[in-house]
Amino acid sequence: MDKVILIKYGELSTKKGNRNFFINTLYKNISRKLVNYEVNIHKDRARMYIEFLDKDLDSIISIIDKVFGIHTYNIANIVESDDSKIQECLLEVISKEKFNTFKIDVKRSDKSFPIHSQDYNRVLASLLLKNINNISVDVHNPDLLIKVEIREGETFIYYKSYQGSGGYPVGTQPKGLLMLSGGIDSPVSGYLALKRGVVLDCVYFEAIPHTSIEARNKVISLCKKLVLYCDKINLHIVNFTPIQEEIYKNCREDYVITIMRRMMYRISERLSHKYNCHVIVNGESIGQVASQTLTSMEVINSVTNMPVIRPLACFDKLEIMDIARKIDTYDISIIPYEDCCTVFVPRHPVINPRIDRCICEEEKFDYNTLIEKAVEDVNTIVIDDSEDSEFSDIL
Ligand code: ATP
Ligand code: MG
């Protein structure tokens, strides 16, 4: 192996006492994602090193780009720590690049290497100036900043830095329950929660026959996109039909969405307890629809004491759509299948609901028994990131 990916941790490096835990989690996540590749992975407190086979570079990079906790990375050439070998390698790799100005930055951690860093900077700079036409040294703002790290036995030469995915490694926080509909917002919300290190289970409320099996498959496809950023996702599918039908039969029309959402929160809380989730995560965004005004959020949220994380609370729809495109969920989300929230939309949903009215409407049917049954009968499918997963051919 003559190349190595050098990973710098970024935000992770602000964690003092927890630093090892964060690094070890990142190490585990990277190792697991690269299990099918011939790689050697090492770590220290500042960086991680992945040695790989040249042919795998592109696919490894596309995987690494989805592992949270990486600030930047470089692809370094490895050469023996020997003056003539270093010169030969440097000239070979740099000759292929197009640039006008450069700077050499030698770091010599192997003090047995006979030439001091400053002197070696000059040696290598003259080598390039002599062999490549029309280039000059610029120590302040070079086109190419060429790093030469002389370590015991081997030297790394690199000059390009790539942006990593940022955030914290998934698994540095415990589990949250993502309310995942087939829409644009909730997958983006899930992506942002994963980026903060939160492990996710998902819950999807379906109302068959009012919603179709295709709508469910859409949610499974969205999970397949999210799972690229983590290990696996348990998707809990709740049969919401009996509750939804009771709401429409018994409750005043302008309150049906508010009450439906209160029921979803109640069920999400129960499922969180059942599956050890510490927070509920959803795709609500302030003011987006009647059920997401601040008054609605207050009234809906009041059925649970659990923390509800809304990563998109202050995002514009266009910003959300940009992220959805970036994470490749947008095209799935816009496939037009009915969601249980869109099956029966009241003409004038209440914008400023009142808690006492909700309670009064909810007393008209025995929702506790229905909720218990919904939680008991939940259907869980496990979605992992393997190509041949049972659900990989949906959509
Ligand atoms: P999205 O918000 O995902 O684009 P949406 O806009 O159709 O879908 P809203 O009516 O805005 O959904 O609902 C707000 C949030 O409530 C969603 O982002 C999602 O977290 C949750 N939610 C709505 N419907 C469902 C459902 N059928 N199953 C699970 N969660 C849901
Ligand atoms: Mg929405």
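We number each residue from 1, following the sequence as shown. Note that ligands are numbered from 1 as they come in the structure, with each ligand's atoms numbered from 1 the same way. Values below: every heavy atom of this structure, side chains too, minus hydrogens, waters and symmetry copies. All values reported here derive from a predicted model rather than from experimental measurement.
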A.B. asks: Should the pair Glu80-Lys85 be classified as a salt bridge under the 4.0 Å nitrogen-to-oxygen rule?
C.D. replies: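 Judged by the 4.0 Å cut-off on N to carboxylate O distance, Glu80 and Lys85 do form a salt bridge.
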A.B. asks: Looking at Ile184, which atoms of ligand 1 are within less than 4.0 Å of one of its heavy atoms?
C.D. replies: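 Answer, ordered by atom number: 1 (P), 3 (O), 4 (O).
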A.B. asks: For atom 29 (C) of ligand 1, tell me which residue out of Val308, Leu180, Ile280 has the closest non-hydrogen atom.
C.D. replies: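 Ranked by closest heavy atom to atom 29 (C) of ligand 1, first place is Leu180.
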A.B. asks: Is there any N or O on Met179 that sits under 3.5 Å from an N or O of ligand 1?
C.D. replies: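 For ligand 1, there is an N or O atom that lies under 3.5 Å from one belonging to Met179.
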A.B. asks: Has ligand 1 got any nitrogen or oxygen that is less than 3.5 angstrom from a nitrogen or oxygen of Val289?
C.D. replies: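 No, there is no polar N/O contact under 3.5 Å.
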A.B. asks: Using a strict 4.0 Å cut-off to heavy atoms of Val203, name the atoms of ligand 1 that fall inside it.
C.D. replies: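 Answer, ordered by atom number: 29 (C).
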A.B. asks: Quick check: do Val281 and Val279 have side-chain heavy atoms less than 4.5 Å from each other?
C.D. replies: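 Val281 vs Val279: side chains touch.
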A.B. asks: Can you tell me which portion of Gln288 lies within the under-4.0 Å heavy-atom range of ligand 1? Options are side chain, backbone, both, or neither.
C.D. replies: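 Only the side chain of Gln288 comes within reach of ligand 1.
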A.B. asks: Less than 6.0 Å separating the ring centroids of Tyr73 and Tyr158?
C.D. replies: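 Not under 6.0 Å, so no.
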A.B. asks: Specify the closest pair of heavy atoms between Lys225 and Thr329, including all atoms of both residues, with the distance to one decimal.
C.D. replies: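 Closest approach of Lys225 to Thr329, heavy atoms only: CB-CG2, 3.8 Å.
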A.B. asks: With ring centroids as reference points, do Tyr168 and Phe68 lie under 6.0 angstrom apart?
C.D. replies: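 No.
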A.B. asks: Could you check whether Arg262 pairs with Glu362 (Lys NZ or Arg NE/NH1/NH2 to Asp/Glu carboxylate O, under 4.0 Å)?
C.D. replies: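 Salt bridge between Arg262 and Glu362, a charged N being under 4.0 Å from a carboxylate O: yes.
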A.B. asks: Looking only at distances, can you tell me whether any N or O atom of Ser181, backbone or side chain, sits closer than 3.5 Å to an N or O atom of ligand 1?
C.D. replies: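 Between Ser181 and ligand 1, an N or O pair is found under 3.5 Å apart.
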A.B. asks: Just by distance, do the side chain of Asn74 and the backbone of Lys160 share a donor-acceptor pair under 3.5 Å?
C.D. replies: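 Indeed, once roles are kept as given, a pair shorter than 3.5 Å links the two residues.
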A.B. asks: Just checking, is any N or O donor in the side chain of Thr293 or Ser296 under 3.5 Å from an acceptor N or O on the other one?
C.D. replies: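 Yes, Ser296 and Thr293 have a side-chain donor paired with an acceptor closer than 3.5 Å.
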A.B. asks: With respect to Lys317, determine whether any N or O atom, backbone or side chain, lies less than 3.5 Å from an N or O atom of ligand 1.
C.D. replies: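 In this structure, Lys317 places no N or O atom under 3.5 Å from an N or O of ligand 1.
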A.B. asks: Is any N or O atom of Phe205, backbone or side chain, closer than 3.5 Å to an N or O atom of ligand 1?
C.D. replies: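 Between Phe205 and ligand 1, an N or O pair is found under 3.5 Å apart.
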A.B. asks: Do Val281 and ligand 1 have an N or O pair less than 3.5 Å apart?
C.D. replies: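 No: no nitrogen or oxygen of Val281 is under 3.5 Å from one in ligand 1.
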A.B. asks: Just which atoms of ligand 1 are under 4.0 Å from any heavy atom in Asn282?
C.D. replies: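 Numbered from 1, ligand 1 contributes 20 (O).
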A.B. asks: Hey, which atoms in ligand 1 end up nearer than 4.0 Å to a heavy atom of Gly183?
C.D. replies: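 Numbered from 1, ligand 1 contributes 1 (P), 3 (O), 4 (O), 8 (O).
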A.B. asks: For a quick test of reading the model, state the closest non-hydrogen atom pair linking Arg108 to Ile115 and the distance between them.
C.D. replies: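 That closest heavy-atom pairing would be CD-O, 3.2 Å.
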A.B. asks: When you measure from atom 21 (C) of ligand 1 to each heavy atom in Met260, Arg261, Arg216, Glu284, which option holds the nearest one?
C.D. replies: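 Selected option, by shortest heavy-atom distance: Arg261.
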